[in-house]
There are 2 protein chains.
Amino acid sequence: MTSSAPQVLLVEDEPQMRRFLRVALESSGYRYLEAPTGEEGLTLAVQFRPDVILLDLGLPDMDGLDLMTRLREWSQIPVIVISARGQETDKVGALDVGADDYLTKPFGTSELLARIRVALRHAEPGAVENPLFVLGRWRVDLAKRQVLVAGQEVHLTPLEYRLFTTLIHHAGRVVTHRQLLKEVWGGVAGAQPLYLRVYMAQLRHKLEEDPSRPRYLQTEPGVGYRLRTED
Amino acid sequence: MTSSAPQVLLVEDEPQMRRFLRVALESSGYRYLEAPTGEEGLTLAVQFRPDVILLDLGLPDMDGLDLMTRLREWSQIPVIVISARGQETDKVGALDVGADDYLTKPFGTSELLARIRVALRHAEPGAVENPLFVLGRWRVDLAKRQVLVAGQEVHLTPLEYRLFTTLIHHAGRVVTHRQLLKEVWGGVAGAQPLYLRVYMAQLRHKLEEDPSRPRYLQTEPGVGYRLRTED
DNA sequence: TGAAGTCCTAACGCCTTCTTAACACCCTTC
DNA sequence: GAAGGGTGTTAAGAAGGCGTTAGGACTTCA
């Protein structure tokens with residue numbers, strides 16, 4: 001799974017259908033690949049590993065079900081069948097050899113796009129990667145809500161953690177006192193700049209190697225604080 | 001996830017439709033549950049954790065999309081919408097709030113069954129994952145619903161077990177009080193944080209070596225709980 | 001009808017976390 | 001060199017969250 005826009009492969013022999021879908025998909029922000037025959041479709045699937053495949057069953061060179069079977073020998077890429085044949089036996093056959101959805105022509109663009117989103121959603125679980133923030137000896141797993149310093153877990157209280165992650169979100173930039181108070185204390189009246197000094201001291205004590213000479217949690221006098229990132 | 005036949009929950013208000021589908025599903029070997037209203041549907045989903053949900057959008061007591069939304073707050077159980085409304089906006093709406101498929105009435109039984117098989121296939125990756133969860137002296141067989149501590153079987157009540165497996169599903173990361181209450185008690189009004197304290201204490205007594213100093217079932221004060229995994 | 005098991009609820013004491021205050025320190029400015 | 005604003009540090013009280021226990025209500029099964 002790439003970090004850029006999802007890629008859709010269309011396997012379809014009718015040129016006008018290709019043109020129509022290409023416009024629809026590209027204008028929706030997807031990267032687009034197309035193949036007019038089954039063989040080419042398989043080749044492109046191998047080569048580019050698209051995120052979704054749209055497959056017309058009525059191909060000239062090979063049976064759509066055979067293509068499905070050959071694809072499923074090595075890949076679980078979601079396949080949405082688009083076909084002129086609306087017979088129930090066709091649908092059941094395609095779904096049972098591994099297709100993930102079946103749309104009968106004619107169909108609406110928005111429905112197709114919605115079903116593509118469903119297919120992408122299904123593939124997602126494999127793409128669940130932890131957003132890791134690494135800086136020096138620090139290692140912050142935002143999904144786990146876990147902070148490691150030199151491999152050692154460090155416990156932060158809710159406020160400490162929120163203050164820290166707020167600085168991480170603006171890493172490298174100065175965050176003003178006012179903004180920190182708003183984002184951490186939620187704009188509650190009574191939140192004072194004193195709080196920041198206290199909690200910054202606690203964070204430094206827990207995270208910095210030499211709390212009296214902070215390397216990363218830096219003060220910008222009169223303005224706010226900044227999480228310094230290495231260059 | 002049980003090792004026996006997959007269980008299907010049908011949420012549908014028309015009695016004749018229920019009767020029809022019940023026959024179709026049971027004769028295909030599925031275990032069968034039904035609910036005539038949305039509220040009952042949610043309750044049964046919480047209680048029995050079916051493998052697939054068939055949802056009629058035209059329910060008398062609540063909007064089908066609301067039901068979808070509430071379900072998706074705590075569960076990824078695949079949902080196949082069956083609806084008399086064939087408008088594209090209906091389909092897109094349902095699919096985008098988390099439905100996995102959309103069938104327009106009238107539909108054929110064999111197509112429905114094929115789409116159920118697709119839905120079950122999608123859920124599989126989660127079940128293909130080692131049904132054995134091992135951590136320290138613990139050994140949890142999610143299929144058998146069996147918990148061993150140092151080789152000795154330990155009996156957990158249904159709620160204890162559900163709380164425990166919820167933490168296992170999110171192993172390593174903090175699960176908030178709210179999320180635990182939702183996933184274990186099903187978002188039923190009245191579920192209080194107090195429940196969590198009581199049941200966490202019971203789990204620790206049954207599972208931890210030194211319940212007063214839990215090694216794995218850890219508290220994140222002010223946030224939630226976390227099943228600590230070794231690195 | 002009793003017994004066992006489970007779930008909910010209340011009460012109490014402990015512990016973490018938050019808040020607040022007091023004071024020391026640095027730097028700039030006069 | 002003194003004054004003053006901004007900042008760092010520490011500690012202690014207050015508030016709230018948490019763990020624990022026990023008892024009652026409810027269901028299930030014999």
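So you know, we letter chains A, B, ... as the sequences are listed, proteins then strands, and number each from 1. Please read all numbers here as calculations on a predicted model, not as lab measurements. We use all heavy atoms of the structure for the numbers below, so side chains are in, but hydrogens, waters and symmetry mates are not.
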Rounding to a whole Å, what distance do you find between B:Q47:CD and C:dT6:C1'? 14 Å

Which atom of B:A24 lies closest to which atom of B:S28, heavy atoms considered: O-OG, 2.9 Å

Residues which pass side-chain contact (heavy atoms from CB on, under 4.5 Å) with B:R215, listed by chain and number, not counting sequence neighbours: B:E208, B:E230

So if I define the base as every atom that isn't primed, P, OP1 or OP2, how would nucleotides 25-30 of chain C read as a B/S/- string at a heavy-atom cutoff under 4.0 Å? ------

Taken in chain and number order and not counting sequence neighbours, the residues that satisfy salt bridge (Lys or Arg N to Asp or Glu O under 4.0 Å) with A:R162 are none

Compare side-chain N and O positions of B:W185 against OP1 and OP2 of C:dC7 and report whether any pair is under 4.0 Å apart. no

Euclidean distance, atom CD of residue A:E160 to atom C1' of C:dT16 [Å, nearest integer]: 11 Å

Hey, does the side chain of B:Y195 come within less than 4.0 Å of C:dT9's phosphate (OP1/OP2), counting only N and O? yes

Under a 4.0 Å threshold between the charged nitrogen and the carboxylate oxygen, would B:D96 count as salt-bridged to B:R72? no

Just to verify, what does B:Y30 make a ring-ring contact (aromatic ring centres under 6.0 Å, His included) with, not counting sequence neighbours? none

Output the residues of residues 161-173 of chain A in contact with DNA chain D, where contact means a heavy atom of the residue under 4.0 Å from an atom of the strand; sort by number or write none. none

Set of residues satisfying ring-ring contact (aromatic ring centres under 6.0 Å, His included) with respect to B:H177, sequence neighbours excluded: B:Y225

Closest to the side chain of A:Q192, out of C:dG5, C:dC8, C:dT20, is C:dT20

side-chain hydrogen bond (donor to acceptor under 3.5 Å, both in side chains) partners of B:E39, counting only residues at least two apart: B:R70

Tell me whether the OP1 or OP2 atom of C:dC18 has a side-chain N or O from A:Y199 closer than 4.0 Å. yes

Hey, does the side chain of B:T157 come within less than 4.0 Å of C:dG5's phosphate (OP1/OP2), counting only N and O? no

When every nucleotide of nucleotides 13-30 of chain D is labelled 5' to 3' by its protein contacts under 4.0 Å (heavy atoms), B for base, S for sugar-phosphate only, - for none, what sequence of letters results? ----SBBBB---------

Does the side chain of B:H155 get closer than 4.0 angstrom to OP1 or OP2 of C:dG5 through an N or O atom? no

What protein N or O atoms touch nucleotides 3-5 of chain D N or O atoms at under 3.5 angstrom, if any, and at what distances?
none

Judged by atom type as modelled, is there a donor-acceptor pair below 3.5 Å linking the side chain of B:Q7 to the main-chain atoms of B:R31? no

Could you work out, with ring-ring contact (aromatic ring centres under 6.0 Å, His included) as the rule, every residue matching A:F133, not counting sequence neighbours? none

Note: B:D56 and B:L59 closest approach over all heavy atoms is O-CG, 3.3 Å

Under the salt bridge (charged side-chain N to carboxylate O under 4.0 Å, His left out) test against B:E220, which residue among B:R173, B:R226, B:R228 passes? B:R226

By ring-ring contact (aromatic ring centres under 6.0 Å, His included), which residues pair with B:Y199, not counting sequence neighbours? B:W185

Got a sec, which pairs hit salt bridge (charged side-chain N to carboxylate O under 4.0 Å, His left out) with one end in residues 5-16 of chain B, sequence neighbours left out? B:E12-B:K105, B:E14-B:K105

